[in-house]
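Keep in mind the model is a prediction, meaning the values are calculated, not measured. All values below come from the heavy atoms of this structure, side chains included, with hydrogens, waters and symmetry mates left out.
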Amino acid sequence: QVQLVESGGGLVQAGGSLRLSCVASGRAFSRHVMGWFRQAPGKERDFVAAISWTGGETYYADSVKGRFTSSRDNAKNTVYLQMNSLKREDTAVYYCAASSRVLLTSNEDLYDYWGLGTQVTVSS
């Protein structure tokens, strides 16, 4: 089984930056598409970003495109989400997830493993 642990969340002012990390266990980490999702209180969980097995292909939600960048280091079993120009509406618990599918997807039902999340709070 794959275990995921997020870190890097915190409190930041609007316009600031944070970098989230997701460390995965298991020898087969490089065979998984990785995704980032977020959920604010009282709202549904939304797709944020996805990255391919090799890290050569990424896919972003329109709401974060141009501001967020996902990358991965398979040698370290780690996926990153660099978040720049943060807005109040980015406030949420951020989750990383792993999928056994080959193609990038925004459908959370196609992700098999999930971390427990890390809180990101953006103040005005």
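- The 12-atom threshold is exceeded at CD of Gln119, counting heavy atoms of other residues, nucleotides or ligands nearer than 6.0 Å.
- Closest approach of Ser123 and Arg88 over heavy atoms only: C-CG, 4.3 Å.
- Closest heavy-atom contact between Trp36 and Cys22: CH2-CB, 3.7 Å.
- If you take SG on Cys96 and OH on Tyr80, they are separated by 12.5 Å, rounding to the nearest 0.5 Å.
- Note on Leu104 and Trp114: same hydrophobic cluster, where clusters join Ile, Leu, Val, Met, Phe, Trp and Tyr whose side-chain heavy atoms are under 4.5 Å apart, directly or indirectly.
- In this structure, the side chain of Thr78 engages the main chain of Lys76 through a donor-acceptor pair within 3.5 Å.
- Applying the side chain to side chain contact (heavy atoms under 4.5 Å, CB included) test to Val120 and every residue at least two apart in sequence or in another chain returns Leu18, Leu20, Met83, Tyr94, Val122.
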With a 3.5 Å cut-off and sequence neighbours excluded, list the donor-acceptor pairs that the side chains of residues 55-66 form with protein atoms.
unit_1	atom_1	unit_2	atom_2	d
Tyr60	OH	Ser70	N	2.8
Asp62	OD1	Lys65	NZ	3.2

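- Here the straight-line distance linking atom CZ of Arg67 with atom OG of Ser17 works out to 10.0 Å at 0.5 Å rounding.
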**Request:** Would you please test Leu4 and Val23 for side-chain contact (heavy atoms from CB on, under 4.5 Å) and show each step?
**Result:** CA-CA 6 Å; Leu4 307 174; Val23 179; over 6 Å; no

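- The minimum heavy-atom distance between His32 and Ala98, with the atom names listed, is CD2-CB, 3.9 Å.
- Thr121 places no side-chain N or O within 3.5 Å of a backbone atom of Leu11 that could act as its donor or acceptor partner.
- In this structure, CG on Leu81 lies 11.0 Å from CD on Glu6, to the nearest 0.5 angstrom.
- Not a single donor-acceptor pair under 3.5 Å links the side chain of Arg38 to the backbone N or O of Asp46.
- The cluster map of Ile, Leu, Val, Met, Phe, Trp and Tyr, joined by side-chain heavy atoms under 4.5 Å apart, puts Leu110 and Phe37 in different clusters.
- Under the 3.5 Å distance criterion, the side-chain polar atoms of Thr118 are matched with a main-chain donor or acceptor of Gly9.
- A cation-pi arrangement, defined by a distance under 6.0 Å to the six-membered ring centre and an angle within 45 degrees of its axis, is present between Arg45 and Tyr95.
- Considering only residues two or more places apart in sequence or on other chains, Ser100 meets the side chain to side chain donor-acceptor pair (under 3.5 Å) condition with Asp112.
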**Message:** Apply side-chain contact (heavy atoms from CB on, under 4.5 Å) to residues Phe47 and Asn107 and explain how you reach the verdict.
**Reply:** CA-CA 7 Å; Phe47 169 76; Asn107 186 350; over 6 Å; no

**Asked** When you look at Asn84 and Gln82, which way does the side-chain contact (heavy atoms from CB on, under 4.5 Å) test go after all the steps?
**Response** CA-CA 7 Å; Asn84 299 325; Gln82 178 66 47; 3.0 Å; yes

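- Side-chain contact check for Val5 versus Leu116: every heavy-atom pair is 4.5 Å or farther apart.
- Summarising the local packing, CD of Gln13 is surrounded by 12 or fewer heavy atoms from other residues, nucleotides or ligands at distances under 6.0 Å.
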